[in-house]
Amino acid sequence: GQNIDQPTEMTATEGAIVQINCTYQTSGFNGLFWYQQHAGEAPTFLSYNVLDGLEEKGRFSSFLSRSKGYSYLLLKELQMKDSASYLCAVREGKLIFGQGTELSVKP
Amino acid sequence: KAGVTQTPRYLIKTRGQQVTLSCSPISGHRSVSWYQQTPGQGLQFLFEYFSETQRNKGNFPGRFSGRQFSNSRSEMNVSTLELGDSALYLCASSLRVWDYSSGANVLTFGAGSRLTVL
């Protein structure tokens, strides 16, 4: 079966660092994605990992450990506009999403 | 470059009716995927089309169907609507359907069609 787990909600302070974890158990693995979705808007692509290790892109970094079925998204220097839902997704053949983590950034 | 366009953006139907949603992918994108998004279940995969053929299907009942036209535009249909079908239906396009040679094959999403069933 397929199971992708993320925390439902997280709260962090502006300027801080937050780590959003994702664990997965899927029948196949061909890459892991992170998407950001602001309320009422379409999900937008943040990052892609297919090999173990850290991918850095500006304030956002994503890490993958295939042996542990684990990924995290790291957001640095948090801004109010980072308040959104963060979706972890695994590509088997199709792309399967977790339920998302609602991040609230407080002043 | 225009993004993924979904119509209608909002619609209200009653139980038992049927609905058709439309998706126009980014120009040059040939693969279209559909997802249902609800607060309790998150994004659930419905189906994926490429070159007018369904390539993948999620675990939804047969009331949910779709098709893709030769210009890559896609439609999905839900018949005999139930209250639980109320959701945001998202369409996403990509250059091609994923295979082992295609790398990330990032999906670009439309803004969705919000369906309310009364």
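Sequence lines set the chain letters: A, B, ... in the order given, protein chains first and strands last, and positions in each chain run from 1.
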Euclidean distance, A/F97 CZ relative to B/L107 CG, rounded to 0.5 Å: 6.0 Å
Identify whether A/F63 and A/F29 are in the same connected component of the hydrophobic contact network (ILVMFWY, side-chain heavy atoms under 4.5 Å). no
Are A/F33 and A/L75 linked, directly or through intermediate hydrophobic residues, by side-chain heavy-atom contacts shorter than 4.5 Å (ILVMFWY only)? yes
Is it the case that one hydrophobic cluster holds both B/V106 and B/L90, taking links as side-chain heavy atoms less than 4.5 Å apart, direct or via other members? yes
A/L95 side chain reached by B/S33 side chain, heavy atoms, under 4.5 Å: no
Measure the CG-CD distance between B/L88 and A/Q37 for me, rounded to the nearest 0.5 Å. 7.0 Å
Side chains of A/Y35 and B/L43: does their closest heavy-atom pair fall under 4.5 Å? no
Provide the closest heavy-atom pair for A/A42 versus B/G110 in the form atom of the first, atom of the second, distance. CB-O, 3.0 Å
Between A/G40, A/P43, A/G98, the one whose heavy-atom pairs under 4.5 Å with chain B are most numerous: A/P43
Would you name the heavy atoms of B/N105 and A/R91 that are closest together and state the gap between them? O-NH2, 3.3 Å
Determine, using the 4.5 Å side-chain heavy-atom cutoff (strictly less than), whether B/L95 and B/F69 are members of one ILVMFWY cluster. no
Just wondering, are more than 12 heavy atoms of other shown residues or ligands nearer than 6.0 Å to CD in B/Q18? yes
Hydrophobic cluster membership, with links at side-chain heavy-atom distances under 4.5 Å among I/L/V/M/F/W/Y: are B/I12 and B/L21 in one? no
More than 12 non-hydrogen atoms from neighbouring residues, nucleotides or ligands closer than 6.0 Å to NZ on A/K57, yes or no? yes
Could you tell me which of B/Q6, B/R55, B/R114, B/Q37 has the largest number of non-hydrogen atom pairs under 4.5 Å with chain A? B/Q37
Using non-hydrogen atoms only, which part of B/F47 is less than 4.5 Å away from chain A: side chain, backbone, both, or neither? neither
